[in-house]
Visitor: 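Here it is: the structure, laid out below.
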Amino acid sequence: MLAVHFGAGNIGRGFIGSLLHRAGYEVAFVDVNEDVIHAIQTRGQYRVIFAGENQEEEVIDQISAINSSTNPEKVEQAVAEADLVTTAVGPNVLPVIAKAIASGLTQRFQQTEEPLNVIACENMVGGSSVLKDEVYKHVTAEEQALIAQRVGFPDSAVDRIVPNQKQDDPLAVAVEPYYEWVVEQPAIRGEVPDVPGITYVDELKPFIERKLFTVNTGHATIAYAGRYYGYQTIKEALEAEEVYALVKGVLDETGKVLVTTYGFEPKEHKDYQAKILERFRNPYISDEVTRVGRGPIRKLGNQDRFVRPALLYREVFNETPNYVAKAIAVALLYKNAEDQEAVDLENKINQQGFASGFAEIAALEEDHPLVKEVVKQVQSL
Ligand SMILES: NC(=O)c1ccc[n+]([C@@H]2O[C@H](COP(=O)([O-])OP(=O)(O)OC[C@H]3O[C@@H](n4cnc5c(N)ncnc54)[C@H](O)[C@@H]3O)[C@@H](O)[C@H]2O)c1
Ligand SMILES: O=P(O)(O)OC[C@@H](O)[C@@H](O)[C@H](O)[C@H](O)CO
């Protein structure tokens with residue numbers, strides 16, 4: 001069985017590749033990073049190191065790699081022959097890989113009537129649905145009809161902390177042992193892929209929103225507050241009283257709205273939150289605040305980890321979550337010259353001011369109550 005995975009990065013090698021390998025797939029990685037591609041092509045395997053007391057390892061072999069920049073035809077052929085396609089490239093890259101997937105499907109329809117599932121494993125709501133919309137832009141109406149019949153784009157939620165790697169070996173990847181991969185089953189076409197570790201659910205939304213607005217909202221809060229107070233890693237930032245007080249307040253607010261909206265059992269959600277804070281404190285993982293805070297414009301977007309839960313909170317309780325607003329305020333002060341989105345954010349705020357800059361990024365009116373509260377929080381920092 002062949003799985004084609006776009007994005008041979010942290011999660012691609014450290015999580016998706018590992019589970020697909022265990023399920024018996026040969027994994028063809030598609031990437032644009034020639035160093036990683038060359039290493040996979042020459043070595044044909046890599047190590048996953050589980051960052052815990054015993055530092056257990058797993059060897060992933062039966063792998064290959066294709067450079068989608070220099071070898072698009074090979075990518076198309078791989079998609080045409082694949083039994084499963086997955087992605088972990090970053091939400092902003094989905095429109096880029098959509099063209100290669102579309103060309104591969106065009107070729108596939110000339111070769112076989114076999115169904116195929118394409119699962120985007122990105123930190124966003126509706127990643128596979130967004131990818132499907134992007135693929136549709138590159139195919140004919142007739143091919144859109146074939147896709148609707150034969151190709152599933154089930155949305156998914158993936159959870160495993162995989163920091164930027166500091167290994168001498170460019171392919172080895174240290175990961176936390178914990179993982180969760182939830183996939184929405186009704187959108188599957190043909191047989192449900194038998195991948196141990198995937199949890200199939202009828203409705204993904206509660207799960208992706210619980211994950212994004214607990215794990216990622218908490219993570220990003222620690223990253224931006226950590227950067228603001230001068231800490232380098234998530235672990236050391238979380239040890240700071242002012243950072244812990246903020247993330248605790250944020251998780252209380254997102255927890256309250258998630259429990260009310262989706263009916264999660266309150267004690268169970270508290271345990272879920274506690275587990276996440278323990279994961280952030282993992283002594284065997286060093287995760288920079290600059291990785292977790294990467295892409296601040298994406299993370300301040302209307303449907304992402306700060307604004308979406310804040311709007312849901314206002315909808316449900318008719319008041320603004322002040323801790324989330326404070327977390328947004330420190331995010332607006334985020335600086336990192338090596339992160340283009342951080343540079344763009346800083347320039348936008350300098351040119352337009354906080355109210356106009358944040359309102360534009362969050363797709364809100366400048367006089368929106370959340371914008372007003374965020375500006376108030378910035379002024380009090
Ligand atoms: N790292 C984590 O802890 C984690 C956990 C859960 C979800 N995620 C999500 O997984 C996705 C990937 O995150 P990551 O941490 O693995 O990032 P990463 O930067 O380590 O990996 C992304 C990979 O995509 C590749 N890429 C970029 N453009 C490409 C293109 N046009 N075609 C093919 N490959 C391309 C990059 O070269 C890189 O190897 C993101 O959506 C992220 O939010 C990450
Ligand atoms: O990947 P991002 O940039 O959306 O968010 C950074 C981290 O919060 C994220 O990668 C977490 O490590 C991951 O979502 C844990 O499952």
Side-chain angles (χ1 to χ4, degrees), residues 4-19 28-37 39-40 51 65-72 75 78-79 85-101 119-128 130-131 134 156-165 170-171 173-176 178-182 207-208 210-224 226 234 247 275-276 279-280 282 285 287-301 303-306 331 339 341-342:
V4 175
H5 177 79
F6 288 79
N10 294 331
I11 271 295
R13 300 197 317 276
F15 182 17
I16 309 303
S18 168
L19 262 66
F29 286 101
V30 177
D31 207 296
V32 293
N33 180 322
E34 186 49 35
D35 293 341
V36 169
I37 289 161
I40 292 173
I66 309 168
N67 188 322
S68 54
S69 298
T70 55
N71 210 336
V75 177
V79 171
V85 172
T86 50
T87 85
V89 292
N92 297 344
V93 181
L94 288 178
V96 178
I97 65 170
K99 195 170 184 320
I101 293 172
I119 308 176
C121 305
E122 316 287 349
N123 272 342
M124 63 189 288
V125 176
S128 304
V130 165
L131 179 56
E134 291 297 327
S156 89
V158 292
D159 188 5
R160 167 172 268 176
I161 296 173
V162 185
N164 283 337
Q165 300 299 307
L171 291 182
V173 56
V175 306
E176 68 163 335
Y178 177 90
Y179 71 82
E180 184 180 43
W181 187 3
V182 186
F207 294 91
I208 184 71
R210 177 178 69 169
K211 191 268 175 175
L212 272 182
F213 308 146
T214 311
V215 178
N216 294 109
T217 304
H219 224 188
T221 298
I222 297 166
Y224 295 127
I234 292 295
V247 69
K275 165 86 180 168
I276 284 155
R279 290 171 58 199
F280 291 159
N282 184 340
I285 282 202
D287 204 358
E288 293 103 353
V289 296
T290 49
R291 179 193 77 88
V292 177
R294 68 188 171 185
I297 290 178
R298 164 168 66 97
K299 291 173 183 170
L300 288 165
Q303 290 299 304
D304 217 285
R305 60 209 72 189
F306 287 118
D339 179 335
E341 280 198 22

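Values below: every heavy atom of this structure, side chains too, minus hydrogens, waters and symmetry copies. When a ligand or atom number is given, it counts from 1 through the structure's own listing order.
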Visitor: Can you report which non-hydrogen protein atom sits closest to atom 18 (P) of ligand 1, along with the distance?
Guide: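 In this structure, atom 18 (P) of ligand 1 has N10 N, 4.0 Å as its nearest protein heavy atom.
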
Visitor: Quick one: look up the protein heavy atom nearest atom 15 (C) of ligand 2 and list residue, atom name and how far away it is.
Guide: D159 OD1, 3.4 Å

Visitor: If you measure from the Lys or Arg side-chain nitrogens to the Asp or Glu carboxylate oxygens, is any gap between D159 and R279 under 4.0 Å?
Guide: yes

Visitor: Among all protein heavy atoms in this structure, tell me which lies nearest to atom 1 (N) of ligand 1, with the distance rounded to 0.1 Å.
Guide: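 Ranking protein heavy atoms by distance from atom 1 (N) of ligand 1, first comes V162 O, 3.0 Å.
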
Visitor: Could you identify the single nearest non-hydrogen protein atom to atom 11 (C) of ligand 1 and state the distance to 0.1 Å?
Guide: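 Looking at atom 11 (C) of ligand 1, the protein heavy atom closest to it is E122 OE1, 3.3 Å.
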
Visitor: D159 to ligand 1: N or O pair under 3.5 Å?
Guide: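 No, D159 has no N/O under 3.5 Å of an N/O on ligand 1.
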
Visitor: Does M124 come within less than 4.0 Å of ligand 1, judged by its heavy atoms?
Guide: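 No.
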
Visitor: Which protein heavy atom lies closest to atom 10 (O) of ligand 1, and at what distance to 0.1 Å?
Guide: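 Its nearest protein heavy-atom neighbour is C121 O, 3.5 Å.
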
Visitor: Ignoring angles and geometry beyond distance, decide whether D287 reaches within less than 3.5 Å of ligand 2 through its nitrogen or oxygen atoms.
Guide: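 Looking only at distances, the answer is no, because the N/O contact criterion of under 3.5 Å is not met.
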
Visitor: Heavy atoms only, cut-off 4.0 Å: how does K211 contact ligand 2, side chain, backbone, both, or neither?
Guide: side chain

Visitor: Give the atom numbers and elements of ligand 2 that come within less than 4.0 Å of a heavy atom of N123.
Guide: 1 (O), 2 (P), 4 (O), 5 (O), 9 (C), 10 (O), 13 (C), 14 (O)

Visitor: So, for S156 and S128, which heavy atoms are closest and what is the spacing to 0.1 Å?
Guide: N-OG, 4.4 Å

Visitor: Are any of the N/O atoms in R160 less than 3.5 Å from those in ligand 1?
Guide: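 Min N/O separation from ligand 1 is below 3.5 Å for R160.
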
Visitor: Please list the nearest protein heavy atom to atom 37 (O) of ligand 1 with its residue and the distance rounded to 0.1 Å.
Guide: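 Heavy-atom neighbour on the protein nearest atom 37 (O) of ligand 1: D31 OD1, 2.6 Å.
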
Visitor: Give a yes or no answer on whether the side chain of N282 reaches the backbone of A51 with a donor-acceptor pair at less than 3.5 Å.
Guide: yes

Visitor: To the nearest 0.1 Å, how far is atom 12 (O) of ligand 2 from its closest protein heavy atom, and which atom is that?
Guide: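 Looking at atom 12 (O) of ligand 2, the protein heavy atom closest to it is R291 NH2, 2.8 Å.
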
Visitor: Which part of I161 is near ligand 1, with near meaning a heavy atom under 4.0 Å away: side chain, backbone, both or neither?
Guide: backbone

Visitor: Of the protein's non-hydrogen atoms, which lies at the shortest distance from atom 22 (C) of ligand 1, and what is that distance?
Guide: A88 O, 3.6 Å

Visitor: Return the residue, atom name and 0.1 Å-rounded distance of the protein heavy atom closest to atom 28 (N) of ligand 1.
Guide: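 Residue, atom and distance for the closest contact: V93 CG1, 3.5 Å.
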
Visitor: Nearest protein heavy atom to atom 21 (O) of ligand 1, by residue and atom, and its distance?
Guide: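 The protein heavy atom lying closest is G9 CA, 3.4 Å.
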
Visitor: Any idea which protein heavy atom is nearest atom 7 (C) of ligand 2, and the distance to it?
Guide: H219 ND1, 3.4 Å

Visitor: Is the closest N or O pair between I11 and ligand 1 shorter than 3.5 Å?
Guide: yes

Visitor: Would you call the rings of Y224 and F306 parallel, tilted or perpendicular, where under 30° means parallel and over 60° means perpendicular?
Guide: tilted

Visitor: Considering non-hydrogen atoms of the protein only, which is the closest contact for atom 5 (O) of ligand 2, and what is the distance?
Guide: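 That would be R305 NH1, 3.2 Å.
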
Visitor: Of all the non-hydrogen atoms in the protein, which one sits nearest to atom 1 (O) of ligand 2, and at what distance?
Guide: R294 NH2, 2.7 Å

Visitor: Check G295 against D339 and note the closest heavy-atom contact, atom names and distance.
Guide: N-OD2, 3.0 Å

Visitor: Say whether, by atom type as modelled, one donor and one acceptor occur between the side chain of T217 and the main chain of R305 under 3.5 angstrom.
Guide: yes

Visitor: Among the heavy atoms of R294, does any lie under 4.0 Å from an atom of ligand 1?
Guide: yes

Visitor: Strictly distance-based, threshold 3.5 Å: is any side-chain N or O of K211 a donor or acceptor partner for the main-chain N or O of N123?
Guide: no

Visitor: Counting only heavy atoms closer than 4.0 Å, does ligand 1 sit against the backbone of I97, its side chain, both, or neither?
Guide: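 Looking at I97 and ligand 1, just side chain atoms fall under 4.0 Å.
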
Visitor: Please state whether K299 comes within less than 4.0 angstrom of ligand 2, counting heavy atoms only.
Guide: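 So K299 counts as touching ligand 2.
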
Visitor: On a heavy-atom basis, which atom in V158 and which in C121 lie closest, and how many Å separate them?
Guide: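 Closest pair (atom of V158, atom of C121, distance): CG1-CB, 3.5 Å.
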
Visitor: T221 and V247: which non-hydrogen atoms are nearest, and at how many Å?
Guide: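 Minimum heavy-atom separation between T221 and V247: CG2-CA, 4.0 Å.
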
